[in-house]
Amino acid sequence: MPLRMSTLFLRTLRDDPADAEVASHKLLVRAGYIRRAAPGGYTWLPLGLRVKNKVENIVREEMNAIGGQEVHFPALLPKEPYEATGRWEDYGDGIFRLQDRSGADFLLAPTHEELFTLLVKDHYSSYKDLPVYLYQIQTKYRDEARPRAGLLRVREFIMKDSYSFTIDDAGLDEAYEKHREAYVRIFARLGLEVVAVEAMAGAMGGSRSEEFLHPSAAGEDTFVESPGGYRANVEAVSTVVPEAIDYTNAAAPEVKDTPESTTIAALVDVANDLAPKQTGQWQAHETLKCVVLTAVLDGEQRQVFVVAVPGDRDVDVKRLEASIGEALGVTGEPSVEPATENDIAKHTQLVPGYIGPTAFNDGQLQQMLGTDSHTGIPFFVDPRIVPGSTWITGANEDQKHVFGLVAERDFSWDGVLEATAVQDGDPAPDGSGPLAARRGMEMGHIFQLGRKYAEALGLKVLDENGKQVVVTMGSYGIGISRAVAALAEAHHDEQGLIWPINVAPAHVHIVATGKDDAIFETAEEFATKLEAAGIEVLLDDRRKAHAGEKFSDAELIGVPIHLIVGRGLAKGTVELKDRFAATREDIAIDDALEHVTNLVHSYQNR
RNA sequence: CGGGACGUAGCUCAGCUUGGUAGAGCGCGCGCUUUGGGAGCGUGAGGUCGCAGGUUCAAAUCCUGUCGUCCCGACCA
């Protein structure tokens with residue numbers, strides 16, 4: 001049965017919704033696919049649900065094809081499994097927690113590693129049962145601080161998550177590679193361009209991981225790519241460390257007056273003004289910015305430390321958090337925040353705006369930062385601060401900076417930390433040239449989890465020698481609802497959406513325009529015959545709507561092929577419109593069925 | 001969580017400055033006309049002005065709080 005516009009639960013909107021900014025959000029709401037129901041929550045209307053189901057089915061087919069078996073967990077879960085892995089705490093404000101009538105703690109699952117692990121533990125206890133790949137397509141909940149852009153970032157969303165359970169790393173590698181290949185096929189079938197980039201494992205733990213990003217200006221992730229094909233999320237790029245420099249003949253450091261230069265920009269100006277370089281101009285990357293930060297453990301213990309980075313770069317707090325605990329020798333995972341005035345006030349030797357690793361004391365250069373210095377403040381440097389590199393930096397004296405301070409010769413540090421984000425133009429790790437930064441939407445993420453979850457939850461099997469072995473796991477996600485948004489974002493024009501045929505709510509939109517019964521009867525006939533040929537039809541059989549209204553709706557809704565039955569009928573033609581190719585042609589009625597069928601099939605087989 | 005903007009009919013918005021019984025366009029119902037690019041005329045239905053306090057004879061309008069939305073930042077598969 002064709003979908004009929006006369007009875008379809010649909011109201012297209014003439015204006016963009018006031019709360020929408022990005023194209024996918026505007027169009028999905030205007031064309032009647034989704035409707036906001038809650039902060040960060042959307043209702044799927046009939047058209048939207050059809051698209052969502054098609055996306056799910058493609059994912060499902062490809063997961064089944066690599067041997068995945070579908071299961072389905074509750075979204076409402078007790079806290080215990082998540083306590084066992086530490087994520088009840090780790091997720092912080094990121095999850096929805098609630099209590100039942102007796103006061104027991106529950107959560108709405110943000111992802112299901114724990115439950116899959118326990119499920120396998122319940123059933124399996126031998127290496128002979130492995131490998132096994134399980135997956136589900138399920139609603140996930142995250143208490144996002146800021147839902148945005150329609151379906152792109154919401155608090156309730158649909159995700160395919162799969163998990164591999166294998167006896168060893170070789171099995172994991174195979175599972176990972178199979179998923180990787182399945183993901184490439186899935187996005188190709190969806191008609192969504194993605195690039196695989198190296199990623200940080202983040203809260204999931206584990207080792208190797210890659211993200212599948214859809215390149216788009218509306219995306220929230222930034223990745224870099226090199227001319228040689230290296231691609232990585234900015235979070236995951238490791239710095240290319242410059243060669244150490246021979247400083248045998250380097251000039252001695254010198255303190256100079258640099259009034260009113262508490263920012264790098266001001267310092268560069270003042271330096272060029274009062275202490276010009278022999279050749280050229282001083283640049284921000286020749287200054288050393290010493291940033292005072294505080295590591296906070298359990299929300300209470302505050303440890304002030306200083307990180308030095310080249311002046312043209314900003315400190316990346318998230319990167320620091322990945323390594324600061326170890327660097328400071330504390331257990332636990334401290335968060336990092338800018339030092340407060342209070343924090344700084346406890347270290348009176350620090351002169352805000354003029355902080356540097358050293359100071360001159362009676363003409364003698366003296367180390368001011370570092371656990372061995374007399375301030376005792378832990379001091380770390382970015383990998384770009386190599387031995388022999390020369391810097392302009394604070395002299396720990398008001399209105400003064402020191403010029404020509406040489407790393408290693410003039411100051412030392414407690415450790416080297418990745419402290420800044422990679423920038424457009426930085427050298428690529430593969431040596432093929434400068435990195436270029438692009439934006440992307442995260443469509444999927446694959447992780448080699450290793451044994452973290454299996455260990456925490458006691459998932460072990462007996463190996464062939466009868467010994468207990470911890471199972472090795474991988475986890476693999478695809479954002480289904482986000483994929484719908486990305487598809488809308490990637491496939492539209494001024495008139496409306498243009499769905500790839502594999503996910504379109506219907507294959508052909510038949511528009512009957514005019515008032516003669518013959519027109520509507522012919523349109524019905526086409527609909528019946530096309531459906532019989534396995535082609536899904538959306539039929540505009542509204543008698544009262546005007547032609548212009550029907551055309552506008554058809555373009556907005558975005559079924560990619562339109563068959564218009566109207567004024568041409570008198571001379572035996574109908575009009576075939578291809579939204580992908582942006583073409584329209586009159587064809588003889590007798591040829592229409594074959595034409596349309598061929599066109600649909602040609603797009604399906606792409 | 002910080003900064004900014006905003007919340008009035010299904011949708012897009014006006015009215016608020018200067019307090020005085022709720023408005024427009026689109027959409028929706030009915031009638032007639034019209035029928036290949038969101039048509040016309042007529043006629044109707046539809047809103048506790050986000051919510052809660054306060055000021056006032058009187059609050060959509062002024063004040064306070066709160067909830068929500070959008071943007072930027074922080075954070076986040």
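Throughout, protein chains are lettered first and strands after them, A, B, ... in sequence-line order, and every chain is numbered starting at 1.
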Notebook entry, point to check: Which part of the nucleic acid, if any, lies within reach of Arg35(A) when heavy atoms closer than 4.0 Å are counted: base, sugar-phosphate only, or nothing?
Noted result: sugar-phosphate
Check: Does Arg153(A) place a side-chain N or O at less than 4.0 Å from the phosphate oxygens OP1/OP2 of C76(B)?
Finding: no
Check: Which part of the nucleic acid, if any, lies within contact of Gly479(A), taking any heavy atom under 4.0 Å across all strands shown: a base, the sugar-phosphate backbone alone, or nothing?
Finding: base
Margin query: Let me spell it out: for each of Gln495(A) and Met443(A), pick the nucleotide of RNA chain B with the closest heavy atom. Which residue's pick is nearer the 5' end?
Written below: Gln495(A)
Check: Base, sugar-phosphate, or nothing for Asp161(A), non-hydrogen atoms under 4.0 angstrom?
Finding: nothing
Next item on the list: Show your working on salt bridge (Lys or Arg N to Asp or Glu O under 4.0 Å) between Glu524(A) and Arg4(A) and close with a plain yes or no.
Entry: CA-CA 10 Å; Glu524(A) 290 280 352; Arg4(A) 292 172 185 280; 2.6 Å; yes
Next item on the list: For Glu575(A), answer base if it contacts any base atom (sugar-phosphate contacts may also be present), sugar-phosphate if it contacts only those atoms, and nothing otherwise; contact means non-hydrogen atoms under 4.0 Å.
Entry: base
Next item on the list: Using whole Å, report how far CZ of Arg36(A) lies from C1' of G7(B).
Entry: 11 Å
Next item on the list: Begin with the C-alpha distance, continue with both residues' side-chain angles, and end with the deciding distance and a verdict on salt bridge (Lys or Arg N to Asp or Glu O under 4.0 Å) for Glu210(A) and Arg208(A).
Entry: CA-CA 7 Å; Glu210(A) 283 167 282; Arg208(A) 183 170 180 212; 3.4 Å; yes
Item checked: Side-chain (Lys550(A)) to main-chain (Ala512(A)) donor-acceptor, under 3.5 angstrom -> yes
Notebook entry, point to check: So which of residues 17-27 of chain A are in contact with RNA chain B, with a heavy-atom cut-off of under 4.0 Å?
Noted result: Pro17(A), Ala18(A), Asp19(A), Glu21(A)
Note to self: Any salt bridge linking Arg542(A) with Asp553(A)? Criterion: basic side-chain nitrogen under 4.0 Å from a carboxylate oxygen.
What the structure shows: yes
Checklist line | Base G37(B) paired with Glu549(A) side chain (donor-acceptor, <3.5 Å) | finding: no
Check: What integer number of Å spans the P atoms of G19(B) and C62(B)?
Finding: 9 Å
Next item on the list: Determine the interatomic distance between P on C26(B) and the same-named atom on C41(B); round to the nearest Å.
Entry: 9 Å
Next item on the list: For Gly566(A) and for Ile480(A), locate the closest nucleotide of RNA chain B by heavy-atom distance; then report the residue assigned to the nucleotide nearer the 5' terminus.
Entry: Gly566(A)
Hey, what are the protein-to-nucleotides 32-35 of chain B N/O distances that come in under 3.5 Å?
residue	atom	partner	partner atom	Å
U34(B)	O2	His546(A)	NE2	3.2
U35(B)	OP2	Lys515(A)	NZ	3.4

Next item on the list: Please state whether the phosphate of A77(B), meaning OP1 or OP2, lies under 4.0 angstrom from any side-chain nitrogen or oxygen of Arg142(A).
Entry: no
Next item on the list: Inspect the contact between Asp143(A) and Arg155(A) and indicate whether a charged nitrogen and a carboxylate oxygen are less than 4.0 angstrom apart.
Entry: yes
Checklist line | Donor/acceptor link under 3.5 angstrom from Arg30(A) side chain onto base of G27(B) | finding: no
Margin query: Just by distance, no angles: are the side chains of His445(A) and Ser209(A) close enough, under 3.5 Å, to form a donor-acceptor pair?
Written below: yes
Item checked: Rounded distance in Å between the P positions of G25(B) and A45(B) -> 15 Å
